[in-house]
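Down below is the structure, laid out as structure tokens.
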Amino acid sequence: MPEGVTDPNYKPAPGRLGNLTVPQQHALEELRKKLQEEGIFVPDRMDDATLLRFLRARKFDVEKARQMIIACEQWRKDFGVEEIWKNFDFKEKEAVDKYYPQYYHKTDNEGRPLYVERLGLLDIKALYSITTQERQLQRLVYEYEKFLRERLPACSRAIGHPVETSCTILDLQNVSLSNFYRVKDYVMAAASVGQDRYPETMGKFYIINAPWAFSTVWTFIKPWLDEATVAKIDIIGSSYKDKLLAQIPKENLPKEFGGACQCAGGCSLSDAGPWNPPADEAKAAA
């Protein structure tokens, strides 16, 4: 069983620490050994849970997982991930929020960080007058790093067992095909970063307010995604409230989606969640 588990009812899913078959355990040990022998292993970032994410993404094929990690390490150098994590400052965050809200907010019933993206509010002209696609991708990577380094550990401590994935809501209300095609390069790049560089971090994925034209967009997106990713996506029209509330506590779900949460200054800018406790809680924990 993984360290730090305090939830007596926790049962690891297959392929996770505490629930590995003998071949899976051997694959984990072999992958770790190969990376160490080749000088690729980075202890701070390649714990067993992380190696298992890459192994699950490649169906426990050690060589394919190894190649995926090597490619990821090269990408991290080329993209400057460590520099982004240390120094990136998205000064335009509040302005961008008006034209393309993307934010983490509290947790679902299983303790996963809730991530919301409102593509239907996208104003591409206004967006790219205040930021660039490159900075949007840098922000995405920064948020993925924060997700792994801060959000997931905090969520795990809060619920008493390992939390390794997110619960996503993609809101397509009023989205237009023309707007989508103008931002498709970013959407595809973002999907590639998530799938190839931060594998197995998607838990639930709800696409809500999907318009009739979304079938055309989905036909375009689907080939870019692997089968495991596609299987986690639930496409819903406007009758999404009950399904979201079955997964997300009402007090955690923003009011615009049928919940009861109304953060001061707006949920999209609050960064509320176990990773960012109120000042009084933080003092008590210190």
Side-chain angles (χ1 to χ4, degrees), residues 1-10 12 16-17 44-45 47 49-50 53 81-82 84-98 101-118 138-171 194 198 200-206 244-286:
M1 193 67 73
E3 293 181 12
V5 174
T6 58
D7 176 4
N9 299 315
Y10 174 63
R16 270 80 173 174
L17 289 172
D44 290 346
R45 288 193 287 100
D47 59 8
T50 299
R53 286 197 293 106
V81 174
E82 291 302 321
I84 288 171
W85 172 243
K86 291 174 184 174
N87 298 312
F88 183 69
D89 182 9
F90 199 60
K91 293 185 176 73
E92 62 268 39
K93 179 179 179 178
E94 193 168 334
V96 165
D97 184 66
K98 297 175 185 175
Q102 302 162 280
Y103 60 97
Y104 284 93
H105 183 267
K106 300 188 177 180
T107 57
D108 72 358
N109 288 331
E110 296 172 60
R112 290 181 288 223
L114 178 62
Y115 177 71
V116 178
E117 190 160 321
R118 303 190 70 183
Q138 288 172 339
R139 177 201 186 184
L140 177 81
V141 169
Y142 176 85
E143 291 293 346
Y144 263 122
E145 290 294 309
K146 186 170 183 174
F147 172 77
L148 291 176
R149 298 174 191 238
E150 297 181 5
R151 299 189 202 281
L152 291 185
C155 290
S156 299
R157 289 191 297 271
I159 201 165
H161 62 71
V163 177
E164 299 185 77
T165 60
S166 62
C167 176
T168 295
I169 298 173
L170 176 60
D171 183 11
Y198 301 93
E200 292 290 304
T201 54
M202 179 194 293
K204 294 278 188 179
F205 195 116
Y206 298 101
L244 292 187
L245 287 173
Q247 184 65 36
I248 304 160
K250 189 171 185 177
E251 63 272 19
N252 288 1
L253 185 64
K255 188 176 181 180
E256 58 263 37
F257 301 120
C261 191
Q262 300 182 73
C263 294
C267 292
S268 61
L269 293 172
S270 70
D271 198 26
W275 54 86
N276 195 14
D280 54 345
E281 288 183 23
K283 286 180 183 177

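In this structure, the side chains of Tyr115 and Phe147 stay at 4.5 Å or more apart for every pair of heavy atoms. Put simply, the side chain of Asn109 does not reach to within 4.5 Å of the side chain of Cys167, judged on heavy atoms. In this structure, Leu269 and Glu94 have side chains that are in contact, with non-hydrogen atoms separated by less than 4.5 Å. Within the 4.5 Å cutoff, the side chain of Ile169 has heavy atoms near those of the Leu253 side chain. Using a 4.5 Å heavy-atom cutoff, the side chains of Thr201 and Arg53 are in contact. Side-chain contact check for Arg139 versus Val96: some heavy-atom pair is nearer than 4.5 Å. With contacts defined as side-chain heavy-atom distances shorter than 4.5 Å, the pair His105/Ser270 qualifies.
Nearest heavy-atom pair, Pro113 versus Tyr104, reported as atom, atom and distance to 0.1 Å: CB-CD2, 4.0 Å. When all heavy atoms of Pro8 and Thr6 are compared, the closest pair comes out as CD-O, 3.2 Å. Contact record, Arg112 with Thr165: CD-OG1, 2.9 Å, taken as the closest heavy-atom pair.
Residue Leu114 is tested with Cys267, Pro254, Pro249 for a side chain to side chain contact (heavy atoms under 4.5 Å, CB included); the sole match is Pro254.
A donor atom on one side chain and an acceptor atom on the other are not found under 3.5 Å apart for Tyr103 and Glu143.
A donor-acceptor contact shorter than 3.5 Å is absent between the side chain of Asn252 and the backbone of Asp108.
Rounding to the nearest 0.5 Å places CD of Glu110 at 6.5 Å from NZ of Lys204. A distance of 5.5 Å separates CZ of Arg45 from CD of Glu82, quoted to the nearest 0.5 Å. The line from NE2 of His161 to OG of Ser156 is 8.0 Å long, rounded to the nearest 0.5 Å. We find the CZ-CG distance between Phe257 and Leu245 to be 12.0 Å, quoted to the nearest 0.5 Å. The distance from the CD atom of Glu145 to the CG atom of Leu140 is 10.5 Å, given to the nearest 0.5 Å. For the atom pair Thr107 OG1 and Arg151 CZ, the distance stands at 12.5 Å (nearest 0.5 Å).
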Exercise for the section: Show your working on salt bridge (charged side-chain N to carboxylate O under 4.0 Å, His left out) between Glu251 and Lys106 and close with a plain yes or no. Expected result: CA-CA 9 Å; Glu251 63 272 19; Lys106 300 188 177 180; over 6 Å; no

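Other residues, nucleotides and ligands contribute over 12 non-hydrogen atoms within 6.0 Å of the CD atom of Glu150.
The side chain to side chain donor-acceptor pair (under 3.5 Å) check on Lys146 picks up Asp271, with sequence neighbours excluded.
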